[in-house]
Enquirer: 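Have a look at the structure that comes next, please.
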Protein chains: 2
Amino acid sequence: MKYIEKLRNSGLRPTKQRLQICEVLFDTEKTFHFTINDLAKKIENQLNNKISLATIYNTVHAFEKKGYVKQIPINSSQTYFDTNISDHHHFYDLNERRLIDLENSDVGPIKILKKINGKKVKSIEVLVKIED
Amino acid sequence: MKYIEKLRNSGLRPTKQRLQICEVLFDTEKTFHFTINDLAKKIENQLNNKISLATIYNTVHAFEKKGYVKQIPINSSQTYFDTNISDHHHFYDLNERRLIDLENSDVGPIKILKKINGKKVKSIEVLVKIED
DNA sequence: CACTTTTTTAGAACCATTATAAAGTACATT
DNA sequence: AATGTACTTTATAATGGTTCTAAAAAAGTG
Ligand SMILES: [Mn+2]
Ligand SMILES: [Mn+2]
Ligand SMILES: [Zn+2]
Ligand SMILES: [Zn+2]
């Protein structure tokens, strides 16, 4: 298993559940956006196995803290996560309620001219709302 | 009352509650960011009057639909609104959990090079996360 | 005023998320 | 391999922001 080392190096024990969640999240051609519920369904379908919702929450939050997934700032009743952890931005399709990646190279350089005293910039994220 | 016309023109009856919420939201020197709970407290303090939480939700949503307040896309357990309805952006202070306005003029022009077929851009919002 | 429509309200319901605490697992030490 | 300890999983309960409900109140119309 290729994720055992990754988990151990993060101080997370490589449990069966964590390894399975790694497979679903990271063993894919393309990155994707998901809610906890999306992920739970994906796990049920892809693996013949149930993982409790509590564990899915715990694991996704642990992975987020380690930087293996990112939260996407958006107004929704559910929290959206992203397996694409590169600096990048998003379209949000208001009609289809769907996120679409917008690579950094698809957005001209963003210059923040204002500085806040004693604060460092942690991230800059652009959300482009689109509709029909 | 200067808000009676504004409400009537929007097809909203100028009730006592709506007029009071208008006062709290719009009778200020500066615009501000708020959650529904913030607003409820502000109403209790500023006016000697209680407005039911349901009415506050209803009114803020009605005002949002009319474009008198905006929702700010951010990950939080509560929804944040803004009385500044101009096109502008935000700093989000991760330590103090506070929003700070970033006027359009403080951000260089943003060029979105990617297009989505058949979709129009409704808004472009930048969130700059900052920390100590 | 009489009538209709909209609004307010207290309280219930909803539901994503977090907390709890008991049983199970990983792993270092013997 | 057995033991001990810390970590993890799990079912379930609790939390809390938001939405729904339905009855009373207020606004608008003529
Ligand atoms: Mn949330
Ligand atoms: Mn919300
Ligand atoms: Zn993305
Ligand atoms: Zn603002």
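Throughout, protein chains are lettered first and strands after them, A, B, ... in sequence-line order, and every chain is numbered starting at 1.
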Enquirer: Could you work out, with side chain to side chain donor-acceptor pair (under 3.5 Å) as the rule, every residue matching Asn58(B), not counting sequence neighbours?
Expert: none
Enquirer: Could you work out, with side-chain contact (heavy atoms from CB on, under 4.5 Å) as the rule, every residue matching Ala40(A), not counting sequence neighbours?
Expert: Leu53(A), Ile56(A)
Enquirer: With sequence neighbours excluded, tell me which residues meet side chain to side chain donor-acceptor pair (under 3.5 Å) with Ser10(B).
Expert: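 Listed in chain order: Tyr68(B).
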Enquirer: Gln20(B): what forms a side-chain contact (heavy atoms from CB on, under 4.5 Å) with it, not counting sequence neighbours?
Expert: Lys16(B), Leu47(B), Asn49(B), Ile51(B)
Enquirer: Considering residues at least two apart in sequence or located in another chain, which fulfil the side chain to side chain donor-acceptor pair (under 3.5 Å) criterion with Thr55(A)?
Expert: Ser52(A)
Enquirer: Applying side-chain contact (heavy atoms from CB on, under 4.5 Å), can you list everything that pairs with Lys42(B), at least two apart in sequence or on another chain?
Expert: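 Val24(B), Phe32(B), Gln46(B).
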Enquirer: Scan residues 94-111 of chain A for pairs that pass salt bridge (charged side-chain N to carboxylate O under 4.0 Å, His left out), counting only residues two or more places apart or in two chains.
Expert: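 Pairs touching residues 94-111 of chain A that pass the test: Glu96(A)-Lys119(B).
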Enquirer: Along nucleotides 19-30 of chain C, 5' to 3', which nucleotides get a B, which get an S, and which get a -, given that the test is a protein heavy-atom distance under 4.0 Å?
Expert: B------BS---
Enquirer: Using the C1' atoms of the five pairs at each end, what is the angle between the end axes of the helix from dC1(C)-dG30(D) to dT30(C)-dA1(D), to 10°?
Expert: 30°
Enquirer: Do any of residues 56-64 of chain B sit with a heavy atom less than 4.0 Å from DNA chain D, and if so which?
Expert: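 Output list: Tyr57(B), His61(B).
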Enquirer: State which residues pass side-chain contact (heavy atoms from CB on, under 4.5 Å) with Asp87(A); sequence neighbours excluded, sorted by chain then number.
Expert: Asn104(A)
Enquirer: Holding to side chain to side chain donor-acceptor pair (under 3.5 Å), I want the full list of residues that pass it with Thr15(A), two or more places apart in sequence or in another chain.
Expert: none
